[in-house]
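Each remark here refers to the structure printed beneath this line.
The figures that follow rest on heavy atoms only: side chains count, while hydrogens, waters and symmetry mates do not.
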Amino acid sequence: MIFYFSGTGNSRWAAEELARLLKDKAVFIPKAKPEYRLAADEKIGFVFPIYAWSAPKCVFDFIRRVKFERYDGNFVYFVCTCHTQTGMIDRIMQKALKERKISCDAGFSLKMPNNYLLAPFVRADREKKKLQLIAQAQVHLGLIADSLKKDKKTFRLTRGFGAPALSKIGRPLFEKFMTAKGFYATDACDRCGICAKVCPVGNISVLQKPAWGDQCEMCQACLNYCPRQAIQYGRYTKNKKRYVFSRDLLSAD
């Protein structure tokens, strides 16, 4: 079973493609059941994007509450999608799973096109770069699947410079200062409701204009899916091209 979280589609595609390669099933974490009965040789996978050198909060919430009936040392792994670096996500996931007396046997990072637009000087990738990254990700997912089929206990991650400090300090700062309070809709908003529909955790309501609650995962689905680019965040997202994963970007091969 593969459990995944995704905002703009990178991790969803990765989870579904991995499920196809492994003849497994991908389950969207916000819609996952509270309990699963495992087969003797069934693997448990987690696929998610990297947010501020860690995983989205809902991934850890799910790990804390889910019950795996008949868990008996089943092989557990994760695949994290990112644009540049992962920080110490292996140690973070190992700790979260260990608290549930579950081992974490393998972990991989998968470079994908950028969807994080909230920082200055950070933009979506150009079309050519998107195609290159996704083509490389297709190949990489095949290698990951091969490794998992052989039950290889390995961690292949792009940590990045200063990973321990970034994971320890950067994440708390991100959670404190990067909140849904920064989102707003401009006068270009026509109240179509797409932002509310694509929000993976149901955190948006639309009356006169979209309003954000306090359960935001900062996935930026609302910002990137808005067809009129009416949703902004602070002062850094104006005039930036949006990004949503599309199967049109996949290699014909």
Side-chain angles (χ1 to χ4, degrees), residues 3-16 27-32 47-62 65 80-84 112-127 129-130 170-249:
F3 300 96
Y4 75 92
F5 178 79
S6 183
T8 58
N10 282 342
S11 293
R12 176 180 177 177
W13 168 73
E16 291 177 345
V27 177
F28 189 38
I29 285 176
K31 295 184 178 180
V47 179
F48 52 84
I50 290 291
Y51 294 163
W53 309 283
S54 188
K57 180 178 177 293
C58 66
V59 174
F60 298 119
D61 290 342
F62 176 70
R65 72 172 185 270
C80 55
T81 60
C82 65
H83 188 247
T84 53
M112 293 289 287
N114 182 46
N115 74 338
Y116 186 81
L117 308 177
L118 309 188
F121 312 116
V122 178
R123 295 181 176 274
D125 295 307
R126 295 181 183 275
E127 203 68 17
K129 181 66 176 294
K130 292 178 192 176
R171 180 66 183 196
L173 291 174
F174 177 84
E175 291 179 347
K176 181 177 181 179
F177 295 108
M178 301 301 289
T179 68
K181 293 179 181 179
F183 287 109
Y184 65 95
T186 68
D187 291 338
C189 175
D190 62 359
R191 302 189 297 279
C192 67
I194 288 176
C195 56
K197 292 177 183 177
V198 300
C199 177
V201 293
N203 191 54
I204 300 174
S205 58
V206 181
L207 297 174
Q208 293 301 314
K209 281 188 176 181
W212 285 259
D214 58 3
Q215 301 300 315
C216 185
E217 292 286 345
M218 298 302 293
C219 73
Q220 300 167 63
C222 56
L223 185 147
N224 282 287
Y225 273 99
C226 178
R228 299 175 66 88
Q229 292 196 13
I231 294 177
Q232 306 290 344
Y233 190 91
R235 57 180 176 168
Y236 296 126
T237 58
K238 293 180 180 179
N239 302 317
K240 287 184 178 180
K241 188 175 181 180
R242 277 34 176 174
Y243 167 76
V244 173
F245 177 85
S246 169
R247 290 190 174 273
D248 292 340
L249 297 169

Residue set satisfying ring-ring contact (aromatic ring centres under 6.0 Å, His included) with Phe245, at least two apart, ordered chain then number -> Trp13
For the residue pair Glu127 and Leu249, establish whether any side-chain heavy-atom pair is separated by less than 4.5 Å.
yes
Between Val206 and Ala196, the two heavy atoms sitting closest are CG2-CB, 4.1 Å
By side chain to side chain donor-acceptor pair (under 3.5 Å), Ser6 pairs with (sequence neighbours left out) none
So salt bridge (Lys or Arg N to Asp or Glu O under 4.0 Å) across residues 212-227, not counting sequence neighbours, yields none
dist Phe5:CZ -> Ile29:CD1 (nearest 0.5 Å) comes out at 8.0 Å
- prompt: Under 4.5 Å between any side-chain heavy atoms of Pro210 and Cys195, yes or no?
  reply: yes
For Ser11 and Thr81 the tightest heavy-atom approach is OG-OG1, 2.7 Å
Original post:
Does Arg228 reach the main-chain N or O of Cys189 with its side chain, forming a donor-acceptor pair under 3.5 Å?
Top reply: no
Note to self: Looking only at the aromatic ring of each residue, does the gap between the centers of Tyr51 and Phe174 stay below 6.0 angstrom?
What the structure shows: no
Salt bridge (Lys or Arg N to Asp or Glu O under 4.0 Å) pairs touching residues 190-212, sequence neighbours excluded, are Asp187-Lys209
Quick note, salt bridge (Lys or Arg N to Asp or Glu O under 4.0 Å) partners involving residues 48-60, not counting sequence neighbours, are Lys57-Asp61
Between Thr8 and Cys219, the two heavy atoms sitting closest are CG2-O, 4.1 Å
So the side chain to side chain donor-acceptor pair (under 3.5 Å) pairs with at least one residue in residues 231-240 (sequence neighbours excluded) are Gln232-Thr237, Gln232-Arg242
Contacts satisfying ring-ring contact (aromatic ring centres under 6.0 Å, His included) that involve residues 201-224 (not counting sequence neighbours) are Phe183-Trp212
Side chain to side chain donor-acceptor pair (under 3.5 Å) filter on Ser54, not counting sequence neighbours, yields none
Taken in chain and number order and not counting sequence neighbours, the residues that satisfy side-chain contact (heavy atoms from CB on, under 4.5 Å) with Ala211 are Ser205
For Tyr243, the ring-ring contact (aromatic ring centres under 6.0 Å, His included) test, sequence neighbours excluded, returns none
Nearest heavy-atom approach of Met218 to Ala180 is SD-N, 4.0 Å
Applied to residues 175-186, the side chain to side chain donor-acceptor pair (under 3.5 Å) test, sequence neighbours excluded, yields Arg171-Glu175
Side chain to side chain donor-acceptor pair (under 3.5 Å) filter on Asn203, not counting sequence neighbours, yields none
Would Tyr4 and Phe28 count as a close aromatic pair, with their ring centres under 6.0 Å?
yes
Query raised in the report: Between Asn10 (side chain) and Pro49 (backbone), is there a donor-acceptor pair under 3.5 Å?
Result: no
Minimal heavy-atom distance between Gly7 and Ala221, with the atoms involved, is O-CB, 3.4 Å
So SG of Cys82 and OH of Tyr116: to nearest 0.5 Å the spacing works out to 14.5 Å
Rounding to 0.5 Å, atoms SG (Cys58) and CD (Gln215) come to a distance of 10.5 Å
Leu223 vs Leu117 side-chain heavy atoms within contact, under 4.5 Å
yes
With His83 as partner, the option from Asp125, Ile50, Asn115 fulfilling side-chain contact (heavy atoms from CB on, under 4.5 Å) is Asp125
Next on the checklist: Quick check on Arg65: does its CZ atom have over 12 non-hydrogen neighbours (other residues, nucleotides or ligands) under 6.0 Å away?
Outcome noted: yes
Separation between CD1 (Ile231) and CG (Asn224), nearest 0.5 Å, reads 9.5 Å
